[in-house]
Protein chains: 2
Amino acid sequence: MNVVTLKKISEVLGVSVSTVSRALKDHPDISALTKRKVMELAHSLEYEPNINAINLRNKHSMLFGLIVPTISRYFYDSFILSVEEEGRKQGYSLLILQTGENADIEQNSIRICRQNRVAGVFACLSANTVDVEPYLRLKDVNIPVIFFDKVPELEDSIKVTAADAQAASMAADALLAKGKQCILAIFGNNQLSITRRRIASFSNQIALQKGVELFIEHAHNPLEATGLVERYFKKEQKPDAVFCMSDEILTGVMKGLQALHINVPQETGVLALSNGFFPKLYYPEITYVETSGYELGKLAFARMLQLIREEEVEKETTVGACLVEGGSL
Amino acid sequence: MNVVTLKKISEVLGVSVSTVSRALKDHPDISALTKRKVMELAHSLEYEPNINAINLRNKHSMLFGLIVPTISRYFYDSFILSVEEEGRKQGYSLLILQTGENADIEQNSIRICRQNRVAGVFACLSANTVDVEPYLRLKDVNIPVIFFDKVPELEDSIKVTAADAQAASMAADALLAKGKQCILAIFGNNQLSITRRRIASFSNQIALQKGVELFIEHAHNPLEATGLVERYFKKEQKPDAVFCMSDEILTGVMKGLQALHINVPQETGVLALSNGFFPKLYYPEITYVETSGYELGKLAFARMLQLIREEEVEKETTVGACLVEGGSL
DNA sequence: GTGAAAGCGCTAACAA
DNA sequence: TTGTTAGCGCTTTCAC
């Protein structure tokens, strides 16, 4: 083992470990000469401090735990990216733990965060999280928790989410502004509060305009969305617009429209709530209301820093939505 | 701070720390009674061992570093998932470090791995990695490195890759079998050995069939791929098939074809090398040669374990490819 | 069957 | 300006 430690450096130079330690941190007490010698040697030996020793001493690590159903696609990747970027600026790294929507793995992930004495946890609940308690108990060991996206319905936890209601009503407005008269709106899992909020807000907004027909449907995956499109576009009266609650639904809808050779936007308009990646895959690009995982990440990180610094933190914050025009409406 | 340590438990119970330590690991020396008392108390106090202390003592951690350009889409997510799954079985977690193809961040990520005394590093080079040395020097501090996907052209490093040559020639065969005569083949960054291997194998295979015209082009992102499609399909003699070296290129190509209203497969065939997600987004689904990130992850992990156990390890291994029929050819 | 003590690598209070 | 020392939490050897 060729691992270099402060001790090794101190022995070579004939000084004490603490001198080396201080020299490396550019401590004002140490003479310029000593500093130079220490730094040079450390550099040439490729010294890297042992984080575990540092953490042990500090009683916390420069790691954040990030517990999430999946890192890929449809939203979380951009959240993670932005948390990682922000964290890097402050010297933090990310311990990413995917639960795959499995409650056992989720519980275990919380334990791993505890054992690692992470500086904080970013958590997005699994669809079937049974017990939020273990998250809350992290507070006992001084680990702050920020919930994002899929958050528990609890008063006293810190949550950051996209502005669902706002996004959904913006989408409705965009459809009405284009004079759409017969709208197929496809939403996701109705169990989730996020879905119910979006439906309520969307249909209320549509209802403001008399005479618009609205068909609300649910799809749990792209395939079901494709099926819905096939069903509705074989009808006598075809929808003149399709609204997709998520990227996942959007991909299913587009596949269905392609299969039926339906031209967008000539024969029907398409509008999605999206993070922005999938709409750009198509031609014409899909018009969407953006709920940015990236922005959400930035916000979550800011909240985390406040918690760590023991500043006052707002319990619930949302990031706004905005309409991004493609050519699909 | 309510953090429970062995010492706290030992004080409550009036035994020594070492007894507690041994009791918790079910050491045979300890009496059943003591064990029970210790375990019960530890449980009720929600004791979790401090990993940093353990790592410090062990001189390594139960973390793997995973350095990758991006965690999302196009391949890596499935690799990460499988490494994480395998790792979890053995008690490992993942320190995921995204480089965003930035060489500085990549270097820094290597340092973070060193500082954390990770048990090993899984590395996929950035497109513009200038200096592989820092990876190799991890060996000096006993950190094994497994390169995957984008690997360096070095004899003595351990690499796992998709069977590029095989996949590319399978793709060529599939095109020839359909009697394609004028093929536009779009590859990625020509700097990467992976690209050059694929080109060589692909064009050699095509060359076996006399009279087939092959146009080889490069695209560094989807946009460039879209541009190439627009250029080639405005020509007098349009390609009767497009080959896409990656998912990224595929998405760009499909957007270009949609823009020009070119029917697949009637007017042109499309074939991709892919991980399987994107081809299913389109109608008809794209025929592709699958190189599985998931399988590759399993393989990489197996190699890592061998390295850690200081077993003999094959330097280069590949996972096979297979043709998945869609309706695009 | 249990305890005492050393040591992993680092930092910081205190001494010189 | 530098050194000595104690201690972070844990494991393990050695002693009893």
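Letters go in sequence order (proteins before strands), and every chain restarts at 1. Everything quoted here is computed from the prediction, not taken from an experiment.
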Practice item. Could you list the residues that satisfy side-chain hydrogen bond (donor to acceptor under 3.5 Å, both in side chains) with Arg111(A), not counting sequence neighbours? Key: Glu48(B)
Revision key, fill the gap. 5'-most to 3'-most nt of DNA chain D touching chain A (<4.0 Å, heavy-atom partner on protein side) reads dT1(D) to dG9(D)
Point to revise | Gap between atoms CE and P, on Met62(A) and dC10(C) respectively (whole Å) | key: 17 Å
Point to revise | Nucleotide dC10(C), atom P - distance to NZ of Lys8(A) in whole Å | key: 11 Å
Practice item. Sort and list the pairs that fulfil ring-ring contact (aromatic ring centres under 6.0 Å, His included) and have at least one residue in residues 2-21 of chain B, not counting sequence neighbours. Key: none
Review point. In terms of side-chain heavy atoms, does Asn116(B) have a donor or acceptor partner in Ser61(B) at a distance below 3.5 Å?
Key: no
Exercise for review: Send over the distance from Gln115(B) CD to dG9(C) C1', rounded to a whole Å.
Suggested key: 13 Å
Point to revise | Test of ring centre spacing under 6.0 Å for Phe122(B) and Phe64(B) | key: yes
Exercise for review: Please check if atom CD in Gln191(B) has more than 12 non-hydrogen atoms from other residues, nucleotides or ligands closer than 6.0 Å.
Suggested key: no
Exercise for review: Can you tell me the distance, in whole Å, between the CG atom of Asn58(A) and the C1' atom of dT11(C)?
Suggested key: 8 Å
Check your understanding: Which whole-number value in Å describes the distance from Ile9(A) CD1 to dG9(C) C1'?
Key -> 12 Å
Only distances under 3.5 Å count here; give the side-chain donor-acceptor pairs of residues 23-30 of chain A to other protein atoms, sequence neighbours excluded, each with its distance to 0.1 Å.
unit_1   : atom_1 : unit_2   : atom_2 : d
Asp26(A) : OD1    : Lys35(A) : NZ     : 3.0
His27(A) : ND1    : Asp29(A) : N      : 3.1

Exercise for review: State, without any angle test, whether Ser126(B) and Thr99(B) hold a side-chain donor-acceptor pair at a distance under 3.5 Å.
Suggested key: yes
**Study point:** Glu133(B) atom CD, neighbour heavy-atom count above 12 within 6.0 Å
**Key:** yes
Check your understanding: Counting any heavy atom closer than 4.0 Å, what does Thr5(A) reach on the DNA or RNA strands: base, sugar-phosphate only, or nothing?
Key -> sugar-phosphate
Exercise for review: Under 4.0 Å between any heavy atoms, over every strand shown, what does Leu56(B) touch: base, sugar-phosphate, or nothing? Just pick one.
Suggested key: base
Check your understanding: If you fit an axis to the five pairs at each end of the helix from dG1(C)-dC16(D) to dA16(C)-dT1(D), how big is the angle between those two axes, to 10 degrees?
Key -> 50°
**Study point:** Sugar-phosphate, base or nothing in reach of Ser21(B), heavy atoms under 4.0 Å
**Key:** base
Review point. Does the distance from a Lys or Arg side-chain N to an Asp or Glu carboxylate O, for Lys89(A) and Glu85(A), drop under 4.0 Å?
Key: no
**Study point:** Any Ser16(B) side-chain N or O less than 4.0 Å from OP1/OP2 of dG3(C)
**Key:** yes
Revision key, fill the gap. d(Glu84(A) CD, Glu86(A) CD) to nearest 0.5 Å is 11.5 Å
Point to revise | Stepwise side chain to side chain contact (heavy atoms under 4.5 Å, CB included) test for Val118(A) and Ile143(A) | key: CA-CA 7 Å; Val118(A) 296; Ile143(A) 299 178; 3.9 Å; yes
Check your understanding: Of all of residues 22-50 of chain A, which get a heavy atom below 4.0 angstrom from DNA chain D, listed by number?
Key -> Arg22(A), Asp29(A), Ile30(A), Ser31(A), Thr34(A)
